[in-house]
Amino acid sequence: MKIRGCTLRDVPAILTVTRASDIASLGEPDWSEAEVVETLTAPNHDPAVDSWLAFDADGEPLAWAYVDNPQRGVRDNVEVYAVPERGAVGYVPLLDLAIARVAERARENGYPEVVLRAGALAAESAYLAVLAEKGFKFVKRHARMNRALTGEERAPEGHPIRPVKSEELGRFHEVLEAAFADTPDYQPTPYDTWREAIDRLPSVSFDEWFVYTDGDEIVGVLQSADQAVEHNEGWVKNLAVLRSHRKRGVGGALLRTAFAAYAAKGRASAGLGVDLTNPTGAYQLYEGVGMTVTFAADMWERAVTASPSSSAAT
């Protein structure tokens, strides 16, 4: 088996791995080309040293892994995907590389220790066994939710909702930060870092980014993601409502407005991800607008000590 760092030229090979893994565990492909590009070009991510591809002797891709920490915070994330049966041999070496790299990144960012998180589906038994072997412990569950669109969806009347204006992106970001500060896993994201990530996306449909206003003040926001277009699905990337305006129907109105926008473009469904431990009641909100869980992923984590030098032990 050969393992090396990645470049944007590896997008087709990475999709070969992720789609094979998705079909085996979910029954259908989940990753899109745009999502892979977004991952490889994310802030604070160098694909040559922060992502890896494993190949067999014939040069066929077997597994892909990457670490992700755009905020340079005290929590890093790792994802590992493998072609079923053939690619499982890549779990251990790729995870070892990821742990070593996270130790280096901790040192580079000035942290004596960081938390490394990994997500896995219940069907990924081989990967779950490797995570346990490497010292990871179960933390919580994250779900993907979906709702079919009929084409008859309409934006609710009587709510001050409209697409965001370019000059309002700074306030849009402020609302995201303020709202997510209530969640246990909140890590601050500076505006410049957030904007850099947006500017690197292959495309952005700002007509699917909505704001809810109270007078002249933006109090709720909904950010959509274009990468779901490949699945003929509208995707809610972020929904945030200021604490002072919760329980007033703001979140539900923003969601229904987004559903109507997606349906008007011919999308077959709307989807989003949710932390099932989110204390703001997000799951109940999504369930209330007709969304149901399509699958859940368990989050595991372990501590990683910063490496004392450029090489790190696992």
Side-chain angles (χ1 to χ4, degrees), residues 18-19 21-32 34-36 38-39 66 68 75-81 115-128 131-132 136-149 153 176 179-187 208 220-241 246-247 250-256 258-259 262 267-302:
T18 59
R19 287 175 174 169
S21 176
D22 289 341
I23 290 171
S25 57
L26 302 174
E28 62 180 3
D30 186 49
W31 276 80
S32 68
E35 287 173 313
V36 175
E38 180 182 4
T39 298
Y66 69 91
D68 171 52
R75 188 179 72 244
D76 224 311
N77 301 280
V78 60
E79 295 283 349
V80 183
Y81 294 86
V115 172
L116 177 59
R117 277 209 174 152
L121 301 175
E124 297 177 303
S125 56
Y127 184 40
L128 288 170
L131 288 176
F136 286 80
K137 305 294 184 183
F138 172 79
V139 179
K140 62 179 181 178
R141 180 160 287 184
H142 184 89
R144 176 168 179 162
M145 302 184 75
N146 182 275
R147 170 189 154 150
L149 299 175
E153 287 75 15
L176 283 175
F180 283 114
D182 290 345
T183 61
D185 292 331
Y186 168 71
Q187 291 192 94
E208 296 178 10
V221 299
L222 184 147
Q223 176 186 354
S224 299
D226 277 2
Q227 56 260 38
V229 174
E230 292 187 25
H231 307 297
N232 197 27
E233 176 185 53
W235 185 258
V236 179
K237 184 175 181 65
N238 285 307
L239 174 68
V241 179
R246 292 174 188 164
K247 309 301 182 183
V250 175
L254 283 165
L255 285 167
R256 290 185 173 91
F259 295 164
Y262 300 155
R267 310 277 174 78
S269 63
L272 53 76
V274 59
D275 175 357
L276 296 180
T277 61
N278 188 322
T280 64
Y283 175 78
Q284 289 77 13
L285 169 63
Y286 302 148
E287 192 176 44
V289 295
M291 307 194 82
T292 57
V293 173
T294 56
F295 70 84
D298 290 337
M299 302 303 297
W300 295 59
E301 70 177 34
R302 59 159 284 180

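Checked by atom type and distance alone, the side chain of Asp30 never pairs as donor or acceptor with a backbone atom of Asp22 at under 3.5 Å. A donor-acceptor distance shorter than 3.5 angstrom exists from the side chain of Ser224 to the backbone of Glu208, with no hydrogens or angles considered. A donor-acceptor pair under 3.5 Å links the side-chain atoms of Arg147 to the main chain of Val289, judged by distance alone.
A pairwise comparison of heavy atoms in Ala118 and Phe136 identifies CB-CE2, 4.0 Å as the closest pair. Between Leu176 and Ala240, the shortest heavy-atom distance links the atoms CD2-CB, 3.8 Å. Nearest heavy-atom pair, Gly273 versus Trp235, reported as atom, atom and distance to 0.1 Å: N-CZ2, 3.7 Å. Contact record, Arg117 with Val139: NH2-CG1, 3.7 Å, taken as the closest heavy-atom pair. Residue Arg19 comes nearest to Ser32 through the heavy atom pair NH2-CA, 4.3 Å, listed as atom of the first residue, atom of the second, then distance. Heavy-atom minimum distance, Glu124 versus Ser21: OE2-OG, 3.9 Å.
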*Test Glu28 against Arg144 for salt bridge (charged side-chain N to carboxylate O under 4.0 Å, His left out), laying out the working first.*
CA-CA 14 Å; Glu28 62 180 3; Arg144 176 168 179 162; over 6 Å; no
*Could you go step by step and tell me if Thr39 and Asp68 meet the side chain to side chain contact (heavy atoms under 4.5 Å, CB included) rule?*
CA-CA 8 Å; Thr39 298; Asp68 171 52; over 6 Å; no
*Could you go through the side chain to side chain contact (heavy atoms under 4.5 Å, CB included) check for Met145 and Tyr283 one step at a time?*
CA-CA 9 Å; Met145 302 184 75; Tyr283 175 78; 3.7 Å; yes
*Report the C-alpha distance between Thr18 and Glu35 in whole Å, list the side-chain angles of each, state the deciding distance to 0.1 Å, and finish with yes or no for side chain to side chain contact (heavy atoms under 4.5 Å, CB included).*
CA-CA 11 Å; Thr18 59; Glu35 287 173 313; over 6 Å; no
_side chain to side chain contact (heavy atoms under 4.5 Å, CB included) between Tyr66 and Val36, intermediate numbers included_ = CA-CA 11 Å; Tyr66 69 91; Val36 175; over 6 Å; no
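In this structure the side chain of Thr183 never reaches within 4.5 angstrom of the side chain of Asp275, judged on heavy atoms. The side-chain heavy atoms of Val274 and Met291, taken from C-beta on, include no pair separated by under 4.5 Å. Side-chain contact between Asp182 and Tyr186 is absent, with no heavy-atom pair separated by less than 4.5 Å. Put simply, the side chain of Asn238 does not reach to within 4.5 Å of the side chain of Val221, judged on heavy atoms. With a 4.5 Å cut-off on side-chain heavy atoms, Ile23 and Pro29 count as touching. Taking the side chain as every heavy atom from C-beta outward, Leu128 and Asp298 never approach each other to under 4.5 Å.
The CZ atom of Phe295 sits 8.0 Å away from atom NE2 of His142, with the distance rounded to the nearest 0.5 Å. For the atom pair Leu239 CG and Leu254 CG, the distance stands at 6.0 Å (nearest 0.5 Å). Here the CG atom belonging to Asn77 is positioned 10.0 Å from the CD atom belonging to Glu301, to the nearest 0.5 angstrom.
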